[in-house]
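Written below as structure tokens is the structure these notes are about.
Computation of the quantities below employed the complete heavy-atom set of this structure, encompassing side-chain atoms and omitting hydrogens, waters and symmetry-equivalent molecules. Quick note on labels: first sequence line is chain A, next is B, and so on, each numbered from 1.
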There are 2 protein chains.
Amino acid sequence: MSWDTGTAGEPPVLHDPDHPPVEEIELTTVLAALAEPARLTILRTVATTGEASCSDIWERTGLGGTKSTMSHHYKVLREAGVLHMRYVGSRKFATIRRADLDTRWPGLLDAVLRD
Amino acid sequence: MSWDTGTAGEPPVLHDPDHPPVEEIELTTVLAALAEPARLTILRTVATTGEASCSDIWERTGLGGTKSTMSHHYKVLREAGVLHMRYVGSRKFATIRRADLDTRWPGLLDAVLRD
DNA sequence: ATCCAAGTTCGATGATCACCGAACAGTACG
DNA sequence: CGTACTGTTCGGTGATCATCGAACTTGGAT
């Protein structure tokens, strides 16, 4: 896949339609994404597990919700700029956008995860 | 005023009915309180101004809301454990519960304020 | 007592949100 | 092929939330 929106002759600008670029991540959106117990649990699970598929997260967190509810949470975390999703086959693997978040708000993620 | 709920002969336990004790402050509640642009503005104003009355905050932030809306935001921030309110006469002065928040989640407040 | 300034509280309203079930799409495997 | 697995999307529902206006309380000043 290639989300090339650049002009011919100029350096191509790859714009991932799913993930917001670093500079467009908003603090209030991040905070709102993390201000939900289930999503905070998801974040912590990914933090300790490393890259994990959605079904893995579902098992490890023990969150009782349905698939659609989980999918909703993933979407919120992804659109907020907290999680990065890697699509491989029919599975989806999540990682924390640590470098991006640390660049924008140093110490924020560490403070939230060290609890 | 005295919120003495202790038993006679035992060390009195002062329980402030307005502010949650440090150990009862919850992370998701704090994040939810800060995940609102107006409240984040209020927090930053108090952070730079120091102790400020509600009307001072209202003027300095330039938030356009009504008095009741502002009062609502103060209540959310206070009940979340973010702001401490000092009542003097008919005025109310707000400070950030920095020590308490730094104890629970070191670096969180700094990360949010350094933006 | 009178007036005003500072905040709170009480409905009410419109918006947003978390959650669900059902239907759907894509991939992997027999 | 069909079946199972993984995850999304869509409508709907009940709950929560931000905002407002109006009425109220309290305190200070004249």
Tell me which one of A/I42, A/V82, A/T29 satisfies side-chain contact (heavy atoms from CB on, under 4.5 Å) with A/L34.
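For A/L34, the side-chain contact (heavy atoms from CB on, under 4.5 Å) test succeeds with only one of A/I42, A/V82, A/T29, which is A/V82.
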Does C/dC19 have OP1 or OP2 under 4.0 Å away from a side-chain N or O of A/H73?
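Checking A/H73 against C/dC19: at least one side-chain N or O falls below 4.0 Å of OP1 or OP2.
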Is there a side-chain contact between B/S55 and the phosphate of C/dG7, meaning an N or O under 4.0 Å from OP1 or OP2?
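Yes.
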Give the nucleotide from the list [options] with an atom nearest to the side chain of [X].
X: B/R39; options: C/dG7, D/dA18, D/dG7; value: D/dA18
X: A/S71; options: D/dT9, D/dT6, D/dT26; value: D/dT9
X: A/R91; options: D/dG7, C/dC19, C/dT27; value: D/dG7
X: B/K67; options: C/dG7, D/dA18, D/dG7; value: C/dG7

Say whether B/R97 and B/H84, considering side chains only, have a donor N or O and an acceptor N or O under 3.5 Å apart.
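No, because no side-chain N or O of B/R97 sits under 3.5 Å from a partner of the opposite role on B/H84.
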Go through the side-chain N and O atoms of A/S71 and A/S68 and say whether any donor and acceptor fall under 3.5 Å apart.
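No - no donor-acceptor pair under 3.5 Å links their side chains.
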Could you tell me whether B/E26 atom CD has more than 12 heavy atoms of other residues or ligands within 6.0 Å of it?
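Incorrect, the count does not exceed 12.
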Describe the nucleic acid contact of B/H72 in one word from base, sugar-phosphate, nothing, applying a heavy-atom distance below 4.0 Å.
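Counting heavy atoms under 4.0 Å across all strands, the contact made by B/H72 includes a base.
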Which pairs, protein N/O on one side and nucleotides 20-22 of chain D N/O on the other, fall under 3.5 Å?
residue: D/dC20; atom: OP2; partner: B/T66; partner atom: N; Å: 3.3
residue: D/dC20; atom: OP2; partner: B/T69; partner atom: OG1; Å: 3.1
residue: D/dG21; atom: N7; partner: B/S68; partner atom: OG; Å: 3.4
residue: D/dG21; atom: O6; partner: B/S68; partner atom: OG; Å: 3.0

Show the numbers, then the answer: is there a salt bridge (charged side-chain N to carboxylate O under 4.0 Å, His left out) between B/D110 and B/R98?
CA-CA 9 Å; B/D110 287 332; B/R98 182 174 277 277; 3.0 Å; yes
Distance in angstrom units between [X] [atom1] and [N] [atom2], rounded:
X: B/L63; N: D/dA18; atom1: CG; atom2: P; answer: 13 Å
X: A/E36; N: D/dT16; atom1: CD; atom2: C1'; answer: 12 Å
X: A/F93; N: D/dG7; atom1: CZ; atom2: C1'; answer: 12 Å

Would you check, one step at a time, whether the test side chain to side chain contact (heavy atoms under 4.5 Å, CB included) holds for B/D18 with B/R78?
CA-CA 7 Å; B/D18 290 336; B/R78 173 177 49 80; 3.7 Å; yes
Side chain to side chain contact (heavy atoms under 4.5 Å, CB included) for A/R60 and A/T48? Distances and angles first, verdict last.
CA-CA 11 Å; A/R60 286 187 222 267; A/T48 62; over 6 Å; no
Closer to the 5' end of DNA chain D via nearest nucleotide, is it A/Y74 or B/V76?
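The 5'-side residue here is A/Y74.
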